[in-house]
Amino acid sequence: MDLYEYQGKELFRRYGLPTGEGRLAQTPAEARAAAQELGGTVVVKAQVHAGGRGKAGGVKVATSPKEAEAHATAILGMEIKGLAVRRLWIESASEIAREYYLSITLDRGAKKPLFMFTTEGGVEIEQVAARTPEALVKLHVDPLEGFHPWHGRALTFGAGIAEASERRQIERVAAQLYEVFSGCDATLCEINPLVVTKSGELVALDAKVSVDDNALFRHEEIAAMRDPEAVPVEERAAREKGVTYVKLDGEIGVLGNGAGLVMSTLDLVAAAGGRPANFCDLGGGGGAQGVVDALEVISADPQVRAIFFNVFGGITRCDEVARGILQALEQIKIAQPIVVRFDGTNAEEGRRLLAEARLENLHPEPTMLEAAKRAVELAG
Ligand code: GDP
Ligand code: MN
């Protein structure tokens with residue numbers, strides 16, 4: 001689960017990290033009142049689950065409450081990377097001398113948290129990694145040993161921080177960020193930029209935190225931070241219907257039964273030259289109603305140009321799935337072509353049912369590979 005900047009900063013403050021003082025605002029009038037209360041120059045910041053807000057015009061400095069209100073009016077009407085801005089964070093402006101970057105991600109390959117630190121902050125970290133990899137300090141932390149002061153020193157000396165007081169502050173920030181990361185079961189904690197102010201103090205000017213969904217049961221107050229309106233409509237519908245649904249960004253909707261089969265179906269679509277738009281896992285049961293629900297969710301995604309339905313009948317019976325497909329086509333209008341591959345229990349019966357229905361947007365294929373190729377072809 002991704003958190004908004006202001007939510008991430010709330011967690012940061014709990015662990016003692018230095019952040020600016022701020023207020024949440026949902027209307028221009030609230031933004032004005034917040035600026036009035038904070039006093040002095042403020043920054044009006046769009047709250048969306050995306051980076052690059054500054055470049056998109058979603059971060060603006062205001063020297064008066066009136067100007068804060070005007071910026072709020074403009075930013076609340078914006079979309080950033082397709083996400084509507086509905087919340088603003090109004091923060092007392094910091095006087096920036098330098099912008100650094102500090103993050104901890106979960107390195108799944110190494111099975112360890114990974115620190116990344118560079119004095120070339122403010123820009124996207126991928127750019128630093130590509131252009132000046134030597135400027136990026138990377139450091140794993142053994143999760144069983146936890147964070148030790150030497151980790152902090154390895155980061156600051158590695159990045160060539162000359163000033164002792166600055167080094168101490170960064171080392172403390174790194175220790176605190178590690179506490180946030182492990183204490184909140186985060187998969188990402190990123191501060192970009194971590195700034196040094198003109199008076200030499202460190203402030204986390206931005207906060208990007210993602211928390212492992214599987215750990216939310218033990219972080220009630222973080223789970224409560226979820227913004228239901230920020231979840232895409234299809235994902236909300238899927239959750240309501242109890243369908244496992246994951247949004248991707250290609251053009252082929254993928255449906256299968258069982259996580260392993262679905263994963264290999266995604267690989268096959270890629271091997272056939274296509275890109276999956278999303279996928280649904282019917283799980284082990286795959287009764288007719290489950291098929292109807294899943295098809296409804298998959299086909300509602302406007303990016304889907306063809307659907308690839310891949311079923312291996314075990315406990316799931318292919319004839320039952322075929323009935324579900326036919327029922328779905330009767331109940332809802334599905335414009336996209338549907339390629340179906342059945343194998344296993346009652347596969348022949350399932351194929352017969354589909355053939356008898358004589359529907360022109362149903363395309364049965366005998367093997368997974370042929371079905372994947374067909375779906376890619378039909379997606380154009
Ligand atoms: P992002 O673009 O989504 O990563 O949003 P950030 O929160 O990182 O803000 C983008 C940029 O706005 C930062 O890199 C800063 O240069 C600038 N900015 C943000 N807050 C302040 C502030 O308090 N004072 C000043 N002078 N600039 C700020
Ligand atoms: Mn940022």
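Just follow the structure's listing: the first ligand is 1, and inside any ligand the first atom is 1.
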Are Glu377 and Arg374 close enough for a salt bridge, meaning some N to O gap below 4.0 Å? yes
Polar contact flag, side-chain donor to acceptor under 3.5 angstrom, Glu67-Ser64: no
Between Gln169 and Glu201, do the side chains contain an N or O donor and an N or O acceptor separated by less than 3.5 Å? no
With side-chain hydrogen bond (donor to acceptor under 3.5 Å, both in side chains) as the test, pick out the partner of Thr156 among Glu166, Glu163, Glu171, Arg168. Glu171
Gln47 and side-chain hydrogen bond (donor to acceptor under 3.5 Å, both in side chains): which partner among Gln7, Glu5, Arg87? Glu5
Using a distance threshold of 2.8 Å, what protein N/O/S atoms lie below it relative to the Mn ion (ligand 2)? Asn192 O, Asp206 OD2
Residues Glu91, Lys9; criterion salt bridge (charged side-chain N to carboxylate O under 4.0 Å, His left out); working and verdict: CA-CA 11 Å; Glu91 186 173 285; Lys9 284 182 174 172; 2.7 Å; yes
Report the C-alpha distance between Arg341 and Asp343 in whole Å, list the side-chain angles of each, state the deciding distance to 0.1 Å, and finish with yes or no for salt bridge (charged side-chain N to carboxylate O under 4.0 Å, His left out). CA-CA 7 Å; Arg341 174 266 184 174; Asp343 205 348; 3.5 Å; yes
Please find out if less than 6.0 Å separates the ring center of Phe181 from that of Phe147. no
What residues sit with at least one heavy atom under 4.0 Å from ligand 1? Val43, Lys45, Gly51, Gly52, Arg53, Gly54, Val59, Ala93, Ser94, Ile96, Glu99, Asn192, Pro193, Leu205, Asp206
What's the verdict on salt bridge (charged side-chain N to carboxylate O under 4.0 Å, His left out) for Arg352 and Glu356, showing C-alpha distance, side-chain angles and the deciding distance? CA-CA 6 Å; Arg352 190 180 58 74; Glu356 280 173 2; 2.5 Å; yes
